[in-house]
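Everything on this sheet refers to the single structure shown next.
Predicted, not measured: the structure shown is a model, and the values here were computed from it. These numbers come from the heavy atoms of this one structure, side chains and all, not from hydrogens, waters or symmetry mates. Letters A, B, ... are given to chains in the order of the sequence lines, protein chains preceding strands, and every chain is numbered from 1.
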Amino acid sequence: MKRRDFLKVCLAGGAAATFGGACGTARAGGSFEGYPDGMGVLVDTTRCIGCRSCEAACNKEQKMPEPKKPFDDMSVFNQPRRTDETALTVVNRYEVKESSRGQMYRKQQCNHCNEPACLTSCFVNAYTKTREGAVIYNGDICVGCRNCMIACPFNIPGYSYSSAFNPLVKKCIFCYDTRLKYGKPPACVDICPQEALTFGHRKDLIKTAHERIRETPDRYYDHVYGEKEVGGTGWLYISSVSPDQLAMDTSLGNEPIISNVKEFLGTVPMVLSIWPALFSGIHLLATRNKDHHDNDTSTHTPGQEDGTP
Amino acid sequence: MKSLISLGIKTVDSHEKEPGRPWTLTEKLLLGLTPQQYLLQAVRNPFNWFLAVVFAIGIPILLGRFVFGLSWVTHSSNDYPWGMFLGFGLFAMVPLSSSGFQMGTACEVFGRHDLEPLERIGLLNGLLGYFFAVVYLLADLGQPWRLPYPMVVSFGPAAVLFLVAWHVSTYLSVQVAEVSTSFFEWIGFPAGKRAVRKITLGLTVAGIILSTLHQGALGALFTYAPGKVHPLWYSSSFQWLHFFVSSLPGGLCMVIAVSTIASRTMTWRCDERFRQNLDRLTVSIAKGAAMGLATYLTIKLIGIAHDNEWAYLATGWGAWFLLEIGAGVILPLGLFAYGIRNQKLPVIRFAAFTTIFGVVLNRVNTAMITFNWKLPYREIPHWREAVICLTIFCIYLVVYRFILYRLPILYQWRSQEEPALAHAPARETQHTMPAEPIAVPAYRSRLVPETEKA
């Protein structure tokens, strides 16, 4: 290899390394614990009676299509449901062994994580965690790779597969555009007749939750789900039974999802910076005293080909 | 085609049909046949009838997907957002296409010019594999017309997929450049070929970097779903290594598989150099693949040990995992060892196909079969989804065959203007001398200096 070519390779490698390094620093930020004034909602499942009025309010506020079964039809509880393109929040019923009530309800929607997996997995940055604590979505740039749905540890985002020309991710946005931005609680909280949902600053809600548990320890299982799970979520749950009995995943750990990915992301700048020099070096060693085809073969005479040592 | 050649038809393998009379482009496209002869050989090939049936059913469904939306061809699952298009199309096609960078590296960086008869097919296999992985992706994306968005409209640099998008698109252009030399020879544009040859080393090294990272990145995509991928297929620390390392034997075995199929089904297109070297090079490449498999098996076991997942082996998922490792890794490894030692080429070729099966099974397992293992139900893809997968795969085969029939991939272009190529046979005879070929891209760095000393 000519020295000039070697320099060219090194230069290209250096440029690549700079680019990779820039990405690397952007990625290597420490874990983010949420905006100080981020809002949240405390869900007290001991108060929920499964009236589904939150579902109805959400449907109206977000201008969703009319559901197949009306919101006063309680037969929907016979099957566990998940959020999808037609429902940004659903209430499910759970048969609980130890509770005296036997049946409990839990509303689910986007939990508005402090460090959302959907946001960190999105390659066009369609998601934003706002100062108010909402995780919102920009449908104008979404490509539809659905990586966010793979990444979400709570299986929340739905996709409007039925749309051929403008399919989008559908998930709860904390009523950001119509309410949260103006300091108002989301529609579901507003309508709840049981005050099962409490809107407030996330910091305060954590205190409230622990106070309720301390004041009436018989009523609650001592855990605030969402305080620490996957780096903390904006929506918090307290309950009379352990979270797993209400189908809340207890195996998620307290690290944000992106922590699992950081080991790989750390190797990226290394590969970008080391490989060019390594492989150019190997090339120099491997082709020492040999023809190496760097230039067009026509520049060599046949005799020079394969001048093996 | 065979029978036509026996009738004295001359195939296109140089610029001039006869001295002073160059082939026209139409003649080149028709392989030097008259239109009637061309149609006749196409109709006589039974495989074309199979393709016709697939396309008759598949193409309308493929078009329908873009008119009626994804819900028409898939089960619109929110729990399994990635179905067969990605699980098979993207995640399996990409590792099987690592042949491009490996053959390029072996020939251009490590100076293993004896592998050159298979270099171009390795590069082409890489290019087409990536290209069709992107085609599968386009079928899967909700809004495929927005595919360039991560490049030009909005950046999400913290996302692994961002890296995949950039690297796959950059690498596609690198591969187009690498394969373009064959095209320039065929079309008759030697200046273009010389220009590309000058930057070959740079392209090849760029190929190694981009391949290492995005093969790994495809694995790292699943580290976003630690609770969803079954622990036996998941490893936060090693996921990217598992995907990268398994892509090495996957790509090499594709070279063996494709060259085997080509040498059987288009013998007329393979020249002497290809035919005479095929068996020897197959053994060389098999050695590389065997070392890759051995490494893969080791780090797979390290992955289990690292997260202490041995207990899962006793479950039903564990049995499935052991089947994947047994049939897709250990079996071909044993076959390779036996085949290489005893120079049994059928055994080696069978092992190569088994390896490919193993790599595909691993990707489909990670992306679909064991995904959401905690959920009570498993998603069975819609039949239309399967038909589209088959259709795109058949388009891939057609394009592959179209190029192999024409471009100088399996044969060398005979060219008067470039005397350098004329002495190529002499180079080979010299090169057959080293009796112990070594062919392990990943390990060659260690091995090459030793053999150079010898």
Side-chain angles (χ1 to χ4, degrees), chain A residues 1 5 8-9 12 16 23 26-27 82 84 117 120-125 141-147 149-151 153 155 158-159 161-164 167 249 251-252 257 260-261 263-264 268 271-272 275-276 279-280 282-283 285-288 290 292-298 300 302 305-306, chain B residues 67-71 74 76 78-79 81-82 108-111 113 141-143 146-147 149-150 153-163 165 194 197-198 201-202 205-206 208-209 212-213 216-217 220-221 223-227 236-237 240 418-420 423 426-427 430-431 445 448-449 452:
Chain A
M1 182 162 67
D5 294 336
K8 262 191 267 177
V9 172
C23 291
R27 285 163 183 149
R82 64 156 283 164
D84 60 22
T120 48
S121 71
C122 181
F123 71 157
V124 289
N125 237 351
I141 52 171
C142 174
V143 181
C145 69
R146 310 193 289 287
N147 202 357
M149 300 166 70
I150 293 281
N155 289 321
Y159 198 68
Y161 288 99
S162 53
S163 165
D249 195 340
S251 63
L252 295 175
I257 294 293
N260 295 293
V261 189
E263 283 195 59
F264 168 70
V268 173
V271 169
L272 282 171
W275 262 213
F279 283 94
S280 316
I282 292 171
H283 174 74
L285 290 172
T287 57
R288 196 166 32 114
K290 277 170 79 178
H292 35 65
H293 285 236
D294 281 349
N295 301 304
D296 189 63
T297 39
S298 60
H300 298 269
E305 291 279 327
D306 264 15
Chain B
V67 177
F68 305 118
L70 277 167
S71 62
T74 70
S76 315
N78 290 315
D79 288 327
W82 289 348
E108 309 297 339
V109 175
F110 297 145
H113 295 296
L141 286 178
Q143 309 208 21
R146 289 183 179 174
L147 185 64
Y149 274 29
V153 175
S154 178
F155 308 118
V160 171
L161 200 62
F162 183 75
L163 185 144
R194 278 196 294 274
R197 281 303 301 179
K198 281 201 181 106
L201 183 66
V205 173
I208 310 173
I209 300 168
T212 313
L213 286 175
L221 277 179
T223 56
Y224 280 108
S236 166
S237 318
W240 71 275
E418 292 182 64
H423 62 255
R427 193 172 68 215
Q430 280 188 0
H431 244 302
S445 52
V448 163
E452 292 307 297

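Scanning all heavy atoms of the two residues, the minimum distance from A:Val143 to B:Leu141 falls at CG1-CD1, 3.7 Å. Pairing each heavy atom of B:Gly142 with each of A:Arg146, the nearest pair is N-NH1, 3.9 Å. Nearest heavy atom pair, residue A:Phe264 against residue B:Leu213, reads CZ-O, 3.6 Å. Of all the heavy atoms in A:Ala164 and B:Gly69, the pair that sits closest is CB-N, 3.4 Å.
A:Leu272 CG to B:Ile209 CD1: the interatomic distance, rounded to the nearest 0.5 Å, is 6.5 Å. The CH2 atom of A:Trp275 lies 9.5 Å from the CD1 atom of B:Ile208; values are rounded to the nearest 0.5 Å. In this structure, B:Leu221 CG and A:Ser121 OG are separated by 9.0 Å, a value rounded to the nearest 0.5 Å. In this structure, CZ on A:Phe123 lies 10.0 Å from OG on B:Ser154, to the nearest 0.5 angstrom.
For B:Val109, the parts lying under 4.5 angstrom from a heavy atom of chain A are both the backbone and the side chain. The contact between B:Tyr149 and chain A is made by backbone and side chain atoms together, counting heavy-atom distances below 4.5 Å. With a 4.5 angstrom heavy-atom cutoff, A:Leu252 does not touch chain B via any of its atoms. Only the side chain of B:Ala165 comes within less than 4.5 Å of a heavy atom of chain A; its backbone N, CA, C and O stay farther away. If you measure heavy-atom distances from A:Ser251 to chain B, the contacts under 4.5 Å come from the side chain alone. Residue B:Ala217 touches chain A through both its backbone and its side chain, counting heavy-atom pairs closer than 4.5 Å. Using a 4.5 Å cut-off between heavy atoms, A:Cys145 contacts chain B through both its backbone and its side chain. Heavy-atom distances place the side chain of B:Pro226, and not its backbone, under 4.5 Å from chain A.
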- prompt: So B:Tyr224 and A:Asn260, side chain to side chain contact (heavy atoms under 4.5 Å, CB included) or not? Walk me through it.
  reply: CA-CA 7 Å; B:Tyr224 280 108; A:Asn260 295 293; over 6 Å; no

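When side chains are defined from C-beta on, A:Ile141 does not count as touching B:Arg146, because their heavy atoms never get closer than 4.5 Å.
Between the side chain of A:Asn125 and the backbone N or O of B:Phe155 there is at least one donor-acceptor pair closer than 3.5 Å.
Contact tally against chain B (heavy-atom pairs below 4.5 Å) for A:Val271, A:Ile257, A:Ile150: the top residue is A:Ile150.
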